[in-house]
Structure formats: structure tokens, C-alpha cells
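Every value quoted in this text rests on a predicted model; they were computed, and no experiment measured them. Here is the naming used below: chain letters follow the sequence lines, and residue numbers restart at 1 for every chain.
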2 protein chains.
Amino acid sequence: MPDSIYDVIHRRRDVRGEFTGEPLADDVLERVLAAAHAAPSVGLSQPWDFVVIRDRGIRSEFHRHVHEEREVFAATLTGEAADRFARIKIDGVLESTLSIVVTYDADRGGPAVLGRHAIADAGLYSACLAVQNLWLAATAEELGVGWVSFYREEFLGKLLGIPDGIRPIAWLCVGPVSRLSDVPDLERHGWRKRRPLAQAVHQDRW
Amino acid sequence: MPDSIYDVIHRRRDVRGEFTGEPLADDVLERVLAAAHAAPSVGLSQPWDFVVIRDRGIRSEFHRHVHEEREVFAATLTGEAADRFARIKIDGVLESTLSIVVTYDADRGGPAVLGRHAIADAGLYSACLAVQNLWLAATAEELGVGWVSFYREEFLGKLLGIPDGIRPIAWLCVGPVSRLSDVPDLERHGWRKRRPLAQAVHQDRW
């Protein structure tokens, strides 16, 4: 487990098809959640919460919704893109051991959140940093994580009884996997290729 | 450098006062940027770019703006909060070796970004994941990172010549540091205490 951080960062994958459903030990889950909770946050607001979902009923209901939304997206595609998308698995909600929903509470640490007066979204950014800590810690623990984003926030909020004003920002499938693929699923299916780093780096100005 | 990932995650700090300004080797910077670029992204859109800023003129101009915005925030505080805030350093723009601005391009990978039709912000989330990869890689390299958010996006976009439609989401000060503090600055200054993990974790439903 004490891999170099670069190994973990480059090995990490967005998993759909490789979940085994095997159990996940409580102490491992605790370490992964503690890693997420150690993320930086604007004004030390720590605006995230984590809903750990093992209940099969809730996961099945979410899964049905995801597949309705899959159809909504599929209907926007034609030709080759439609064919490619038809072959792509978009979630491992039922096969993974559990799911973790990460939420964002804009009121946490308010009313004057240090560092947020000029950028309303800064708190939302913090919650995302927690997601990436969780993802890397899980990868180091030989677990897979798959971020499912084919859902409507309102649906998910109601499904989990999330209070008004708190926003679900990620549904993450988590659990042991048979392996992590070397190449991202979407690249393997010809959906999109990765961009070279050099194209993304600018010096001093854009 | 091959620390355990948990060590890196828990050692990471949001640095203001500890930058030394010492040089940062090109190969280290390249590794850190490659780590950021290896982040997950919705539909493999990789919607981020990185502007590496060494130019002192640009950094000074940004620094002036940040301190104007500091005054804007300070004016919203009274009593004890105002006193506490007066003692808090909010940036290391001039003392750090360089800065990296991370941007978000909503058109990247479009028009049909897989996984984004139902959640407009999903691309923005991806760019944040890149920030956290960068931050952890830099920490493993014994560098400090400080996210400065006392600025207006419009000002920063103009300062760096960022094209319309592309949004700056983070100004990160980066460079060698004398040390990383054990306790977050804002906790040390009595601004806010960290929340226990147990309060942030829910089972099955909120």
C-alpha cells in the first residue's frame, strides 16, 4: 500500500466494469473517508458530507434513474457517436460493494467564509478536492472508484433525504476490483483520446 | 519522496507564510503538472489548462488586486472576527517561486460531453480534481501550495489574456517552503476549528 503517490495518481481509473462486489473492511473505509475529510477547503469550511450507501433498494432505485438518463443522453447522439456510446458501460452501481455520495453545504462556515466573497463557487471546488483525495486513497487501497454522473441532483437529493440547500455533487461507486485498466474506458472504446500535457501548459500568459 | 499517500494527504497544507522563493527544477514542475493532467474528467474531456507564471510584473499586479479584495472582505467583518482576520496572511504570491493558474474550458470535448448532460457543473468538478492531484504531487515533492481566492475571475482573465468562455478556477502559489505547519493556518489563528469526521459521515440516507 505505501506506493509512491505518482504511481497511485497514474494508476487511478474511473471504474465501471471491474467491480467484484467483495466486502470492504470498515477500517479501510474509515481511512479512505478520513483522507477525503483531510482535503483543503476555502476558509477551512469543510463543506462536504459523505453518505455511505450499502442499501440495495436505494442503489437499485438510483440505478434505474441512471439508465433513464442514459437514454436521454443517447437520444442526443447520431451515427458513429451513437454506436460507440451503445458499447460503453456507464456505471457499476449494482456490482460495486457500496457507494459514497459527496455533498456540498454552501452555508457551512458562513456567513463570512474567508476566501469566498469574490468567488461563489469556491466552496463547491473544496468539495471536489475531497472527492479526489477519496479516489486516490481508495486506489492505494487497491479499490476501484467510479464517478456516476448520469443523474439529476433533485432526484438524488430526494432519494437520500438530503436537506434543501445541500447539493449532491458526486455519486461514487467504491469497492474491490478484479484489476484497474491501463487505459481509460472511454479511450479504449474510441470515444475520446487523451490530450498531450504540452497542449495544456502555457507560460506566463495564455 | 515515495511517501505513503496517506502521509502526503495528511501533511498537505494551504501555505501562505512559509515560501522560501528558492528555485524549482523543471523536471519537478513537469512531474507535478503531469500529475494534475492525470486527473479524472467527465467524458474524458480534460477541460483544464495550466498557466505557469514566473513573471514578476504579472504577479505584482495580481498581488495588488488580491489586497484590494482583502479590504472588500475585511469591510464585511466586525468585532472579534475583524481582529482575527487582521492577523491572517492570505497569500504568498510574491514570496513563492511561481504560480500556476488552473482554468476550465466548458467547450472542451463538446458538444456532447459524456456524463455532463444532466449536471452542467460536472466539467468544473473535473478541473478541481486536477488541482488536488497537483497539490498532493507538490506536497510529495516537499513543495508548498497556497490557493489564493481573493480575486475576481474577470480581473484574472484579463490579466492573463484568457480567452472568453474559459474560466480561471484557481491561482496556486507553488514553491519550496521552510516547513509545512502541523495545524492549518486558520485553525492556528482561531478563525475556525476542524470538524470531526464522524459528523460528516451518514449511513444510507442523510
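At a threshold of 4.5 Å between non-hydrogen side-chain atoms, the residues A:D204 and B:V51 do not count as touching. Contact annotation: the side chain of B:P40 never approaches that of A:W147 to less than 4.5 Å [non-hydrogen atoms, C-beta and beyond]. A:F150 is listed as a side-chain neighbour of B:L114, based on a closest heavy-atom distance under 4.5 Å. When side chains are defined from C-beta on, B:L44 does not count as touching A:W191, because their heavy atoms never get closer than 4.5 Å. Between B:Y6 and A:N133, every side-chain heavy-atom pair lies at or beyond the 4.5 Å cut-off.
Most heavy-atom pairs under 4.5 Å with chain A, from the set B:G109, B:A122, B:A39: that is B:G109. Per-residue heavy-atom pair counts under 4.5 Å with chain A were compared for B:G43, B:A36, B:S41, and the maximum is reached by B:G43. Looking only at heavy-atom pairs under 4.5 Å with chain A, the residue among B:A81, B:A127, B:A170, B:S45 that has the most is B:S45. When B:L129, B:I88, B:L160, B:I53 are compared by the number of non-hydrogen pairs under 4.5 Å with chain A, B:L129 comes out ahead. Contacts with chain A were tallied for B:E30, B:R108, B:R54, B:R70; B:R108 has the most, counting heavy-atom pairs under 4.5 Å.
For chain A, the nearby parts of B:R194 are the backbone and the side chain; heavy atoms of each come within less than 4.5 Å. A:V113 touches chain B through its backbone: at least one of N, CA, C or O sits under 4.5 Å from a heavy atom, while the side chain does not. In this structure, no portion of B:P47 lies under 4.5 Å from any heavy atom of chain A. For B:L77, the part sitting under 4.5 Å from any heavy atom of chain A is the side chain, from C-beta outward, and nothing else. With a 4.5 Å cut-off on non-hydrogen atoms, A:E69 touches chain B through its backbone and its side chain both. Heavy atoms of B:I169 lying under 4.5 Å from chain A belong to its backbone as well as its side chain. Both the backbone and the side chain of B:R192 come within contact range of chain A, each with at least one heavy atom under 4.5 Å from a heavy atom of that chain. Proximity to chain B is limited to the side chain of A:P184, based on heavy atoms less than 4.5 angstrom apart. Only the backbone of B:Q199 comes within less than 4.5 Å of a heavy atom in chain A; its side chain stays farther off. Neither the backbone nor the side chain of B:S99 has a heavy atom closer than 4.5 Å to any heavy atom of chain A. With a 4.5 angstrom heavy-atom cutoff, A:I166 touches chain B only via side-chain atoms. Only the side chain of B:E153 has a heavy atom closer than 4.5 Å to any heavy atom of chain A. Only the side chain of B:I58 comes within contact range of chain A, with heavy atoms under 4.5 Å apart. For A:R59, no part lies near chain B; criterion is any non-hydrogen pair under 4.5 Å. Residue contact with chain A, scored on non-hydrogen atoms closer than 4.5 Å, involves the side chain of B:V42 exclusively.
Listed for the B:S149 side chain is a donor-acceptor partner under 3.5 Å among the backbone atoms of A:G115.
The CD atom of B:Q203 sits 9.5 Å away from the CG atom of A:L98 when rounded to the nearest 0.5 Å. Between the CD1 atom in B:I119 and the CZ atom in A:R152 there is a gap of 8.5 Å [rounded to 0.5 Å]. How far SG of B:C128 is from CG of A:L124: 7.0 Å, rounded to the nearest 0.5 Å. The distance from the NZ atom of A:K193 to the CD atom of B:Q46 is 13.0 Å, given to the nearest 0.5 Å.
Electrostatic pairing of B:D121 and A:R167 counts as a salt bridge here, judged by a charged N lying under 4.0 Å from a carboxylate O. With respect to B:R195 and A:D49, a salt bridge is recorded, a charged nitrogen being found less than 4.0 Å from a carboxylate O.
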- Given side chain to side chain donor-acceptor pair (under 3.5 Å), test A:Y125 with B:Q132 step by step and report yes or no. CA-CA 10 Å; A:Y125 299 165; B:Q132 187 62 1; over 6 Å; no
- Query: After noting the C-alpha distance and the side-chain angles of A:F50 and B:H202, does the key distance pass the side-chain contact (heavy atoms from CB on, under 4.5 Å) rule?
  - Reply: CA-CA 6 Å; A:F50 310 104; B:H202 311 252; 5.9 Å; no
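Around atom CD of A:E80, no more than 12 heavy atoms belonging to other residues, nucleotides or ligands sit under 6.0 Å away.
Taking every heavy atom of both residues into account, B:G161 and A:W206 meet most closely at O-CB, 3.3 Å.
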